[in-house]
Amino acid sequence: MPYYNRPVKLQRALDAVLNQTYQDFEIILIDDCSEKTPIIPKNNAINYVRNSKNEGPGYSRNVGLKLAKGDYVCFLDSDDYWHPKFLERCVEVIEQSGTEVAFVYVKTIHVKNGVELGKANKSKISESTILPNLLIRGRPWDTPACLWDKHVLNKHEGWINTRNWEDYAFDICAALNNNTIIAINEHLLYVDTEGDHKLSEQNKNIIETEKSKSLAFISQTLKNSMYFDDDLIRNQVTLHLINNTIALLILNGNKKKYINANIKSLKAWNSPIFVILISVLTKLPVKIGLVLLRRIRIKFQNHNHV
């Protein structure tokens, strides 16, 4: 559990774990060099570790992952919390599955100021594989909604140090080892939408530049995998790179570094002529370039079928 300057919400998250109906667990709390020192309950299940400097949630999760001793791992954020039966239901489902799975996941309820805003997954969730669904329809699971088989993560490179789409990168790396997942159609996670620490509340420039970094990692990872020859994966990687390039152009500013990184990633998945075309369009007057890039994007959006 990464923690940074949210002592009240941390207490709520810790209470939610300590009050689980399934009690065979350890809590590895990683303080990311907070100014606000947390009040830690006296409990042998809690292992408190403090980073020497602020490293970010990805780094903190990797520290916790290396220290974890159990067969299963969850990544709960300190501002979110679980229903009392979260661990019980997840462990029950994964152990009764009869097959090896990467993780099981539950539905989410959004809360703000202690009030439930609504259920994020009102319809039935049924995704049974990470890829290619993750790239086509996004993540129907939140990071704290998952209980992972740690044996899958033992072969994993861990969390990359970016602030957007790092969760996509993490899931995709896991899919290369085990692509099977199981949905639990119960709302057992509460995600707090309040606070300026949420990335959605931060500068859009940060959101898109950090996403570009994650996309470069994802592109390289998939390029070196068995999915490189998959036309659907090729289409989706290209689509996300084009989407991010469009977003960077809209933001203006000095985004050349990240646009060039996207073009470099496109080279692995597309013909030289196509890559040259995209490169030329990014150098045109912004309004003209955006119109033409959006037309190209439509071609890839029309192939969003499994």
Side-chain angles (χ1 to χ4, degrees), residues 1-91 94 103-106 108-111 114 139 141-150 152-154 156 158-163 166-167 169-171 174 188-199:
M1 182 188 297
Y3 164 75
Y4 185 72
N5 288 344
R6 301 196 290 270
V8 175
K9 291 183 178 180
L10 171 65
Q11 188 62 56
R12 180 180 63 184
L14 289 174
D15 287 345
V17 180
L18 293 172
N19 290 319
Q20 290 289 300
T21 56
Y22 181 91
Q23 282 287 303
D24 186 10
F25 59 76
E26 60 177 340
I27 301 172
I28 303 174
L29 177 61
I30 311 298
D31 184 339
D32 199 14
C33 201
S34 300
E35 291 90 9
K36 299 178 181 179
T37 304
I39 299 174
I40 310 299
K42 292 182 179 180
N43 193 301
N44 292 333
I46 301 175
N47 181 5
Y48 174 75
V49 179
R50 180 177 171 85
N51 295 336
S52 59
K53 62 179 181 178
N54 183 255
E55 299 280 4
Y59 177 92
S60 298
R61 287 171 182 152
N62 285 336
V63 171
L65 184 57
K66 289 178 182 178
L67 293 172
K69 302 182 184 72
D71 293 327
Y72 307 115
V73 175
C74 301
F75 300 99
L76 178 62
D77 294 328
S78 60
D79 53 335
D80 302 326
Y81 55 102
W82 292 328
H83 184 281
K85 286 188 174 292
F86 172 82
L87 286 177
E88 178 184 342
R89 288 291 294 124
C90 287
V91 171
I94 202 168
F103 64 81
V104 297
Y105 64 102
V106 302
T108 297
I109 298 173
H110 289 153
V111 297
R139 298 172 89 233
W141 55 84
D142 288 285
T143 296
C146 306
L147 180 137
W148 290 82
D149 184 333
K150 191 169 184 291
V152 173
L153 300 184
N154 287 339
H156 199 294
W159 293 84
I160 62 174
N161 196 27
T162 63
R163 303 284 182 137
E166 78 284 358
D167 43 10
F170 186 87
D171 294 351
L188 301 177
L189 168 68
Y190 297 87
V191 169
D192 195 325
T193 62
E194 179 192 18
D196 56 9
H197 57 276
K198 294 292 186 182
L199 188 61

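Residue numbers start at 1 and run along the sequence shown.
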Could you give me the CA-CA distance, side-chain angles and deciding distance for Val106 and His83, then say whether side chain to side chain contact (heavy atoms under 4.5 Å, CB included) is met? CA-CA 11 Å; Val106 302; His83 184 281; over 6 Å; no
Listed by chain and number, what are the side-chain hydrogen bond (donor to acceptor under 3.5 Å, both in side chains) partners of Tyr48, not counting sequence neighbours?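 side-chain hydrogen bond (donor to acceptor under 3.5 Å, both in side chains) list for Tyr48, sorted by chain: Asp31.
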Just jot down the side-chain hydrogen bond (donor to acceptor under 3.5 Å, both in side chains) partners of Asn154, sequence neighbours excluded, or say none.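 By the side-chain hydrogen bond (donor to acceptor under 3.5 Å, both in side chains) rule, Asn154 matches Lys150.
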Interatomic spacing from [atom1] in [X] to [atom2] in [Y] - rounded to 0.5 Å:
X: Arg139; Y: Cys146; atom1: CZ; atom2: SG; answer: 6.0 Å
X: Lys85; Y: Tyr22; atom1: NZ; atom2: OH; answer: 14.0 Å
X: Cys74; Y: Ile27; atom1: SG; atom2: CD1; answer: 11.0 Å

Apply side chain to side chain contact (heavy atoms under 4.5 Å, CB included) to the pair Asp80 and Asp142, showing each step before the final yes or no. CA-CA 11 Å; Asp80 302 326; Asp142 288 285; over 6 Å; no
Just to verify, what does Asp15 make a side-chain contact (heavy atoms from CB on, under 4.5 Å) with, not counting sequence neighbours?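 By the side-chain contact (heavy atoms from CB on, under 4.5 Å) rule, Asp15 matches Gln11, Asn19.
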Test item: side-chain donor near acceptor, Thr143 and Asp77, under 3.5 Å: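 Note: Thr143 and Asp77 side chains miss the donor-acceptor criterion.
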[X]: partners by ring pair (Phe, Tyr, Trp, His ring centres under 6.0 Å), with sequence neighbours left out:
X: Phe170; result: Phe75, Trp148, His156, Trp159
X: His110; result: none
X: Tyr3; result: none

Any idea how Phe103 and Tyr105 line up, ring-wise: parallel (<30°), tilted (30 to 60°), or perpendicular (>60°)?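 Taking Tyr105 first and then Phe103, their aromatic rings stand perpendicular (interplane angle over 60°).
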